[in-house]
Number of protein chains: 2
Amino acid sequence: MSSLKNVADLAGVSVATVSRVLNSDEVVKYETKVKVMNAIKTLKYSPNRVAQRLRTTRKSSRLIGLLIPDIQNPFYVDVIRGIEVFAYANNAAVVIGNFSQDEKKEKLYLDILKSESVDGFIVAPSNEKDIYIKELVKDGFPVVCIDRGLSDIEVDLVKVDNQKGAFNAIEHLIKLQHTRIGHITGNQLIPTTMERLAGYEQALKQYNIAIDPEIIVSRESDYESGAELAAYLLDLENPPTAIFTGNNLLTLGALETINKRGLKIPEDIAIIGFDDVYWANSLNPPLTAVRQPGFEIGKRAMELLIQRILSPEREVASIIYKTELMIRKSCGSKEKRL
Amino acid sequence: MSSLKNVADLAGVSVATVSRVLNSDEVVKYETKVKVMNAIKTLKYSPNRVAQRLRTTRKSSRLIGLLIPDIQNPFYVDVIRGIEVFAYANNAAVVIGNFSQDEKKEKLYLDILKSESVDGFIVAPSNEKDIYIKELVKDGFPVVCIDRGLSDIEVDLVKVDNQKGAFNAIEHLIKLQHTRIGHITGNQLIPTTMERLAGYEQALKQYNIAIDPEIIVSRESDYESGAELAAYLLDLENPPTAIFTGNNLLTLGALETINKRGLKIPEDIAIIGFDDVYWANSLNPPLTAVRQPGFEIGKRAMELLIQRILSPEREVASIIYKTELMIRKSCGSKEKRL
DNA sequence: CTGAAAGCGCTTACAG
DNA sequence: CTGAAAGCGCTTACAG
């Protein structure tokens, strides 16, 4: 790979001049510029991003650090796609860290990313008090949070109105005459879990349905928990007629249990999930779900991050997207139940 | 963030010495080492990976470039997980490029990764002749290919026996008395597509079933193609009784069409897919599929890459994993059909 | 308009 | 056993 020096030699100018034309500094004379451009072309020169990054300031060639709790969750792959498309358009590369909801791993990745001098971070904090992320923000690194915010500290945030989304889901179920609605929540340390639970409770209250703690169950936010907690719910003496699952993975797990028992959806048990998937129609019956715009969330987060890098002093932004209730067939239809 | 210089000053030694203890150079005197260690601890010093990378040689702090055709495909997320876990254990970070089967984007990412001075590449070439990847190999960069090889050039490769996997799938169908088996293949420019097609044809031949080109259909390797091609197959005057789909996305798409038409699986139409997913049991009925060990593939690729970086001259390795036929319920059972 | 020089944070061959 | 110095490939303030 050729260097600035090589280009300079070939063009018969100094490295400073070459650097100037690369950074489109207006001062350089037209003829010089042409000579340099030609040299660049014949050497197929392209700047070394590592060297650029070692300098304190730079305008382009960014590297973005991404800290994701679980890459197996399709919601996050949508987010990643959004980030990546926008990054690509901005000549930025992204370093990815998947910490699997493991704080030790989160810390290690954070350290690696810091020492890679990334220009900024996009992270989903493991919880509201996440000290590592807080430290990052305090230390003045550009960071934007996705999906989950941070308490007691100002930070850019892009997420969804979880409470409203859950409320809509439960309301939908209620209008379909369900009154005994179970809720499989995610890990209760994760802020979104609590917001969705709040939406669930709010809907029940509003429609004067008593909240029964027996049918609100919780463990981790993963597939196995979904499967096991669904089994628990179905084994109850007075089982729910509908289940609201707190995320993608939980939904899929619950579905396994329901299928395994040969239960019919929605006749035997209705199900509505938080998080939509692009293959919701491949499920039988198609899944009714609360859709988060993952791609848009990623894209917006990347935009905010670039802004933040450019103007560290701009006010903190909090972008709350609306969810969309994707009504398909897993909750039944009004006619049927009436 | 503190630098080598800061540590050196605090410890009262030169930066060279600090660097030596960091790189556990045996020569440094015990007392000096202790002083330096303390300084490192009090300053919470951690080396700048960018500066390290700017130096030509280094032993740790690697950066790995990953070029993936489609992050929406669950197979690749398994691969990524495998890569990432092994990378993490080796203090390596991974920069990810998702090129969506778009050659322009592939080229751009490759350029970015090169100028980030990554220590090596793990890539799934867009096809066997992929000139960019070939160039990379010729230029002496450490690269290991996954899923798809390269023609006319020696390169480390980790993949699966696609032909055998497809053969097994078709044989399974045949033993279940299916004789009219449709095949929705992926993009025919992708090597794996052709290998799977070869397995399909081999099985039919071996069991003396005529190959009917009418029921071998192909477009892209994505969801929409799966949905549309399944519709095409089902609309045929003499439609197949079973469909073999060439990958994950194709399977999901076909499932949507089958569900939409209210067809029963496996009674009305049997389906077997290449690629398993962790939520295959959440499908109704559970999907019979050819499983590729994605996680292991990723892990192995990362191992090979590290070896390659350490000894660029070692012989080229070609690791072919076996697939596993995951028999569930989407193809019916022998008893039923007999 | 252009060049020489300093410096970003490291590592390592060379002296001593 | 340790330090001074060169150099990796850039950018930019300072001269001219």
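Here is how names work: the chains are called A, B, and so on, in the same order as the sequence lines, proteins then strands, and each is numbered from 1. Quick note: numbers below take in every heavy atom, side chains included, and nothing from hydrogens, waters or symmetry partners.
At a threshold of 4.0 angstrom between heavy atoms, the contacts of A/Val28 are confined to the sugar-phosphate backbone, with no base atom among them. Across all strands shown, B/Tyr45 has heavy atoms under 4.0 Å from sugar-phosphate atoms exclusively, and none from any base. Residue-level contact check: A/Val50 touches neither bases nor backbone, having no heavy atom under 4.0 Å from any strand.
Side chain to side chain, A/Tyr109 and A/Asn98 fail the donor-acceptor criterion of an N or O pair below 3.5 Å.
Between C/dG3 and A/Ser14, a contact under 4.0 Å exists linking OP1 or OP2 to a side-chain N or O. Within the structure, every side-chain polar atom (N or O) of B/Gln52 is placed at least 4.0 Å from both OP1 and OP2 of C/dG9. Phosphate contact (OP1/OP2 of C/dG3, side-chain N/O of A/Thr17, threshold under 4.0 Å): present. Distances shown here put a side-chain N or O of B/Asn23 below 4.0 Å from the OP1 or OP2 atom of C/dT11. At least one side-chain nitrogen or oxygen of B/Ser19 sits closer than 4.0 Å to the OP1 or OP2 atom of C/dT11.
As a whole-Å value, the separation of B/Lys114 NZ from D/dG9 C1' is 17 Å. Between A/Lys5 atom NZ and C/dA5 atom P the separation is 13 Å, expressed in whole Å. Taking atom CE of residue A/Met1 and atom P of nucleotide D/dC10, one finds them 9 Å apart after rounding to whole Å. Separating the CG atom of A/Leu63 from the P atom of C/dC8 is a distance of 21 Å, rounded to the nearest angstrom. Atom pair B/Glu116:CD and D/dG9:C1' shows a separation of 13 Å (rounding to whole Å applied). If you take CG of B/Leu4 and P of D/dG3, they are 13 Å apart, rounded to a whole angstrom.
Residue side chain B/Arg53 does not reach the base of C/dG9 through any donor-acceptor N/O pair under 3.5 Å, judged by distance alone. Counting atom types as modelled, A/Arg49 pairs no side-chain N or O with a base atom of D/dG9 as donor and acceptor under 3.5 Å.
The backbone N or O of B/Val13 sits nowhere less than 3.5 Å from a side-chain atom of B/Thr17 that would complete a donor-acceptor pair. Looking only at distances, a side-chain donor or acceptor of A/Asp70 sits under 3.5 Å from a matching main-chain atom of A/Gln72. In this structure, A/Asp147 contributes its side chain and A/Ala124 its backbone to no donor-acceptor pair below 3.5 Å.
Using a 4.0 Å cut-off between charged side-chain N and carboxylate O, A/Lys134 and A/Asp130 make no salt bridge.
Annotation: cation-pi geometry satisfied between B/Lys105 and A/Tyr88 (NZ/CZ under 6.0 angstrom from ring centroid, within 45° of ring axis).
Of the candidate nucleotides D/dC10, C/dC10, D/dA4, C/dC10 has the atom nearest to the side chain of B/Ser3. Side chain of A/Thr32, nearest nucleotide from D/dC10, C/dT2, D/dA5: C/dT2. If you check C/dG3, D/dT2, D/dA6 against the side chain of B/Arg55, the one that comes closest is D/dA6. For A/Arg20, the side-chain atoms get nearest to C/dG3 when compared with the rest of C/dA13, D/dT11, C/dG3. Nearest nucleotide to the A/Leu54 side chain, out of C/dC14, C/dC8, D/dA13: C/dC8.
Remark: C/dA15 base-pairs with D/dT2. Criterion, Watson-Crick or G-U wobble with two distances under 3.5 Å.
In terms of position along DNA chain C, the nucleotide closest to A/Val27 lies nearer the 5' end than the nucleotide closest to the other residue of the pair B/Leu22 and A/Val27.
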